[in-house]
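Please read the structure below before turning to the comments.
Note that these values count all heavy atoms, side chains included, but never hydrogens, waters or copies made by symmetry.
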Amino acid sequence: MSVLLKIRGFGVFGVFAANGESIVLGAKHQALMALLSKADSGVRTRAFLENILWSSSQPEQAKAGLRTALSTLRRHLGSEASQLLTANRERVVLDLNRVGFIGSYEDGAFMEGFELPYQALFRDWLTRERDETTYRIPRRQTDLGFNETQIYSSSGSSKQKSKPTMLVSEQRIGILKSEVQQLLHIREHAMTIIDGLQRENEALKIARDMQPKSPTIARTSKQA
């Protein structure tokens, strides 16, 4: 198969057409391409992408953000290369069989100098990628023995299920751990705020009960 897209991961991140022409992308679209290009068979779930790229947004906003990003990214890639980017309700796929990877770790750190403000989960993922001492090219669909139906299907025939595959990569496990830790930190912070509010409320109740009755109230009580 002919290469329709080229990606330079090390040094300044870049995406190029088959003829070598640079494709200008915004930061969020570059991050999306990096996440897909580093995944085995180029597959990421929508939930994963929404969480790691829109972690500070509400779920519905994150879903809308991913839909818009995919639509915009396809326009930037052009009519030919955009065919490599497909999606269904659960997954987003970049066909790595027709993607060429250029450069090596000798050209600099992975996505050197790149930042995505306010996205801590993406920053954690990028830090782990930069910590790798060697460049591991993600396995393509053909390397893993997958076809297009298997990529999009969460279930298959017994023959398909018998194939030994890694269901969860070490990289994914690391990201999930980071997400859980962040959620626990948020919960702990929220409980601290709630405890403080409860203490303030109790103190206000005590102060209110200790206040002397006004003369009007006192006279009314005496007359009664």
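- Interatomic distance, CG of Leu94 versus CG of Leu32, reported as 9.0 Å (0.5 Å rounding).
- For Leu77 against Ser82, the heavy-atom pair with the smallest separation is CB-N, 3.9 Å.
- A search for side chain to side chain donor-acceptor pair (under 3.5 Å) contacts involving Gln119 returns Ser55, not counting sequence neighbours.
- Judged as a side chain to side chain donor-acceptor pair (under 3.5 Å), and not counting sequence neighbours, Ser56 has no contacts.
- Within the structure, salt bridge (Lys or Arg N to Asp or Glu O under 4.0 Å) contacts touching residues 9-33 (residues at least two apart or in different chains) do not occur.
- One distance of note links CG of Leu35 with CZ of Phe122; it measures 5.5 Å at 0.5 Å rounding.
- Atom CD of residue Glu80 and atom CG of residue Leu4 lie 5.5 Å apart, to the nearest 0.5 angstrom.
- Between Gly100 and Val3, the closest heavy-atom pair is N-CG1, 3.6 Å.
- Here CG of Leu5 is found 10.5 Å from CG of Asp95. Values are rounded to the nearest 0.5 Å.
- In this structure, Leu96 CG and Ile7 CD1 are separated by 7.5 Å, a value rounded to the nearest 0.5 Å.
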Inset, instruction - For Arg130 and Met111, run side chain to side chain contact (heavy atoms under 4.5 Å, CB included): C-alpha distance rounded to whole Å, both residues' side-chain angles, the deciding distance at 0.1 Å, then the answer. - result: CA-CA 8 Å; Arg130 287 172 175 168; Met111 298 190 82; 4.2 Å; yes
Identify every side-chain donor-acceptor pair in residues 191-209 under 3.5 Å, counting partners at least two apart or on other chains, and give the distances.
{"unit_1": "Thr192", "atom_1": "OG1", "unit_2": "Glu188", "atom_2": "O", "d": "2.9"}

Which pairs would a plain distance check flag for residues 59-69, meaning a side-chain donor or acceptor within less than 3.5 Å of a matching protein atom at least two apart in sequence or in another chain?
{"unit_1": "Gln61", "atom_1": "OE1", "unit_2": "Gln58", "atom_2": "N", "d": "3.1"}
{"unit_1": "Thr68", "atom_1": "OG1", "unit_2": "Ala64", "atom_2": "O", "d": "3.0"}

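- Rounding to the nearest 0.5 Å places OG1 of Thr72 at 4.5 Å from NE2 of His29.
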Which pairs of donor and acceptor atoms, one on a side chain in residues 9-18, lie under 3.5 Å apart (sequence neighbours left out)?
none

